[in-house]
Amino acid sequence: MPDHSPAQEQFLIQAGQALARRDPNQALALLDQADALGRTHNATLNRAVALRLLGNFHASLAVLDEALDMKPYDFAALLAKGAMLEKINQPKAAVDVYRDALKIAPPRAHCQPAVVAQMDYAARMVDQHARALGDFLRQRLAGLRADVGEAALDRFDEGLEIYAGLIQPPKQQPLLLNYPRLPIIPFYDRSLFPWLATLEDATSVIQEELAGLLETAFDEFAPYIAYPKGAPVNQWGELNHSRKWSSLFLWKDGRRQDAVCARCPRTAALLESLPMADQDGFAPTAMFSALQPHTHIPAHTGSSNVRLLAHLPIILPGPARFRVGNTTRPWEMGKAWVFDDTIEHEAWNDADDLRVILIFDVWNPYLDDKEKVLITEMMKAQRDFQAA
């Protein structure tokens, strides 16, 4: 239902025509007549435009607040309010309004070019403000950093950029199970996994067995991404059914791949000695992940935060990077890490030769042993329900 009467409609049409002619005084006179029949949101917005054309920015701002009182989530009114705050030399207040407007912005494809330009301008203002605030905070705090440990500084720097609005905080986005009350940590502290040293010490043994697999069974490395025909591939178009990213499984969804393990027995024995996740039909999964030169694995997330992934580089011919959330690290030969793959992550092989990582899953260390049993049985029950 329209929020104005037929008589008001005529006054509003004529007021709009006056604004198009850039005749704000005539527009205001017509809007006064419309308001005499009852105030409307449309008339209030037009009044703000007329006052802006007259250069009365404070009055235009006050009228925009009236419009937003009627419709607090009016995207156009918020953009206009931000512009008026800039006009009266309140750029920081304008940024707050622009930020709110961008949160409720309609899809760009549905907007006129002029509105898209306003959105882009608002985004630039928000970004410039965040960069300026970030620089200010770093300068103010520079003298306090000397005695802070490296790990704490790394976390603090990320916190500063989140606080300034330069980046978003990482979040867990599991595809299968989002289990509550588990911490959101991109890379977990090594002290939680004392067996990492044992894994790293075995690097040369694993390298030797992997070399045999690459020589005799490289054809068995299958594309890691293999969507069926007709399925939406989203970011995986380039890698779907491609050997640019391939894998050879030692365990898959909880099942030991005996034929592969037989060809790398010391690696298999090592994995069996480590506390891999154990969920019937779900975990462990352990594999060699091979990435061809100059290949990028796009951002994605894993299935469940009840388990984490361990990485150990086995073949590292040159620079290669890995990002989890806001943290990007280079792989180093002989250095393993454990990370939460339900946080968005991606990888790059920047080298000129093949890169291979040993990957396997472990339980999240913040779970109780009896809780793990309950979680596993819950997931099995859900699977049975779906299959029934």
Side-chain angles (χ1 to χ4, degrees), residues 151 154-155 158-159 161-162 167-193 195-196 199 224-227 231-236 239-240 245 247 249 251-254 274-287 289 291 296-313 321-329 331 336-348 357-369 371-383 386:
D154 183 61
R155 180 166 63 179
E158 182 180 358
E161 293 196 351
I162 293 170
I167 57 177
Q168 294 297 312
K171 58 183 178 180
Q172 294 169 325
Q173 302 177 77
L175 302 175
L176 179 62
L177 170 60
N178 193 341
Y179 198 70
R181 306 184 195 180
L182 293 178
I184 303 173
I185 302 173
F187 291 94
Y188 272 62
D189 191 288
R190 289 178 59 91
S191 64
L192 295 168
F193 313 98
W195 46 265
L196 279 175
L199 173 67
Y224 186 78
I225 302 297
Y227 283 97
V233 296
N234 298 321
Q235 75 268 41
W236 300 111
L239 292 179
N240 194 30
W245 182 21
S247 58
F249 288 90
W251 272 261
K252 187 173 184 180
D253 298 331
L274 299 178
M276 293 193 293
D278 183 14
Q279 289 185 283
D280 181 25
F282 297 100
T285 289
M287 67 179 181
S289 174
L291 196 62
H296 170 223
I297 298 174
H300 61 288
T301 59
S303 63
S304 172
N305 58 343
V306 301
R307 90 288 187 272
L308 308 172
L309 291 190
H311 276 182
L312 176 70
R321 297 167 287 143
F322 189 64
R323 177 185 70 85
V324 185
N326 297 315
T327 305
T328 301
R329 292 184 177 180
W331 271 288
W337 59 48
V338 178
F339 74 99
D340 183 346
D341 78 325
T342 68
I343 299 172
E344 183 183 82
H345 57 285
E346 59 186 322
W348 297 263
I357 306 291
L358 176 64
I359 302 175
F360 58 95
D361 46 12
V362 298
W363 282 107
N364 190 305
Y366 291 99
L367 292 172
D368 178 88
D369 284 343
E371 192 177 16
K372 296 172 188 176
V373 174
L374 284 172
I375 291 169
T376 299
E377 292 305 314
M378 176 179 69
M379 293 174 67
K380 288 167 64 178
Q382 187 271 352
R383 181 186 59 196
Q386 292 296 108

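- For the pair Pro284 and Trp251, the minimum side-chain heavy-atom distance is below 4.5 Å.
- Residues Pro298 and Glu346 are not in side-chain contact: their nearest non-hydrogen atoms beyond the backbone lie 4.5 Å or more apart.
- Salt-bridge check for Lys372 with Asp278: failed, with every basic side-chain N at 4.0 Å or more from each acidic carboxylate O.
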Could you go through Arg155 and Glu158, starting from their C-alpha distance and side-chain angles, then the distance that decides it, and tell me whether this counts as salt bridge (Lys or Arg N to Asp or Glu O under 4.0 Å)? CA-CA 5 Å; Arg155 180 166 63 179; Glu158 182 180 358; over 6 Å; no
Table please: side-chain donor-acceptor pairs of residues 175-182 below 3.5 Å, with sequence neighbours left out.
from, atom 1, to, atom 2, distance (Å)
Tyr179, OH, Glu371, OE2, 2.6

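- The line from CD1 of Ile225 to CD1 of Ile297 is 8.0 Å long, rounded to the nearest 0.5 Å.
- In this structure, OH in Tyr366 is found 13.5 Å from CG in Asn305, a value given to the nearest 0.5 Å.
- Rounding to the nearest 0.5 Å gives a distance of 7.0 Å between CD1 of Ile357 and OG of Ser289.
- For the atom pair OG of Ser303 and CG of Asp341, the computed distance is 6.5 Å after rounding to the nearest 0.5 Å.
- Residues satisfying the side-chain contact (heavy atoms from CB on, under 4.5 Å) test with Pro365, not counting sequence neighbours, are Tyr188, Leu192, Phe193, Leu308.
- Using modelled atom types, one finds a donor on one side chain and an acceptor on the other under 3.5 Å when comparing Asp340 with Gln172.
- Residue Leu274 holds its CG atom at 6.0 Å from CH2 of Trp195, rounded to the nearest 0.5 Å.
- In terms of heavy-atom proximity, Gly325 sits nearest to Pro170 at CA-CB, 4.2 Å.
- The environment of Tyr224 atom OH is sparse: at most 12 non-hydrogen atoms of other residues, nucleotides or ligands sit within 6.0 angstrom.
- By the side chain to side chain donor-acceptor pair (under 3.5 Å) test, Glu344 pairs with Arg323, sequence neighbours left out.
- Listed by chain and residue number, Asp350 satisfy the side chain to side chain donor-acceptor pair (under 3.5 Å) test with Arg321 (two or more places apart in sequence, or in another chain).
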Please report the C-alpha distance between Leu367 and Val306 in whole Å, then the side-chain angles of each, then the deciding distance to 0.1 Å, and finally whether the side chain to side chain contact (heavy atoms under 4.5 Å, CB included) criterion is met. CA-CA 8 Å; Leu367 292 172; Val306 301; 3.8 Å; yes
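- Partners of Lys252 according to the side-chain contact (heavy atoms from CB on, under 4.5 Å) rule, which considers only residues two or more places apart in sequence or in another chain, are Phe249, Gln257.
- Here the side chain of Thr342 pairs no donor or acceptor atom with the backbone of Gly302 at under 3.5 angstrom.
- Using a 4.5 Å heavy-atom threshold, the side chains of Leu309 and Val338 count as separate.
- With sequence neighbours excluded, the residues that form a side-chain contact (heavy atoms from CB on, under 4.5 Å) with Ala283 are Ala277, Gln279, Asp361.
- Gln382 meets the side chain to side chain donor-acceptor pair (under 3.5 Å) test with no other residue; sequence neighbours excluded.
- Distance alone, capped at 3.5 Å, places no donor-acceptor pair between the Asn326 side chain and the Pro169 backbone.
- Taking the salt bridge (charged side-chain N to carboxylate O under 4.0 Å, His left out) definition, one finds that Asp189 meets it with nothing, sequence neighbours left out.
- A search for ring-ring contact (aromatic ring centres under 6.0 Å, His included) contacts involving His300 returns Trp236, His345, not counting sequence neighbours.
- With a 4.5 Å cut-off on side-chain heavy atoms, Val324 and Phe187 count as touching.
- Gln168 CD: 12 or fewer foreign heavy atoms inside a 6.0 Å radius.
- Contact detail for Gly281 and Arg383: the closest heavy-atom pair is CA-NH1, 3.5 Å.
- In terms of the side-chain contact (heavy atoms from CB on, under 4.5 Å) criterion, Ala381 has no residue partners (sequence neighbours excluded).
- Remark: Thr327 engages no residue in a side chain to side chain donor-acceptor pair (under 3.5 Å) (not counting sequence neighbours).
- What you find for Ala286 and Met276 is that their closest heavy atoms are CB-SD, 4.3 Å.
- Partners of Trp331 according to the ring-ring contact (aromatic ring centres under 6.0 Å, His included) rule, which considers only residues two or more places apart in sequence or in another chain, are His311, Phe322, Trp337.
- Summarising the geometry, atom NZ belonging to Lys380 is positioned 8.5 Å from atom CZ belonging to Phe282; distances are rounded to the nearest 0.5 Å.
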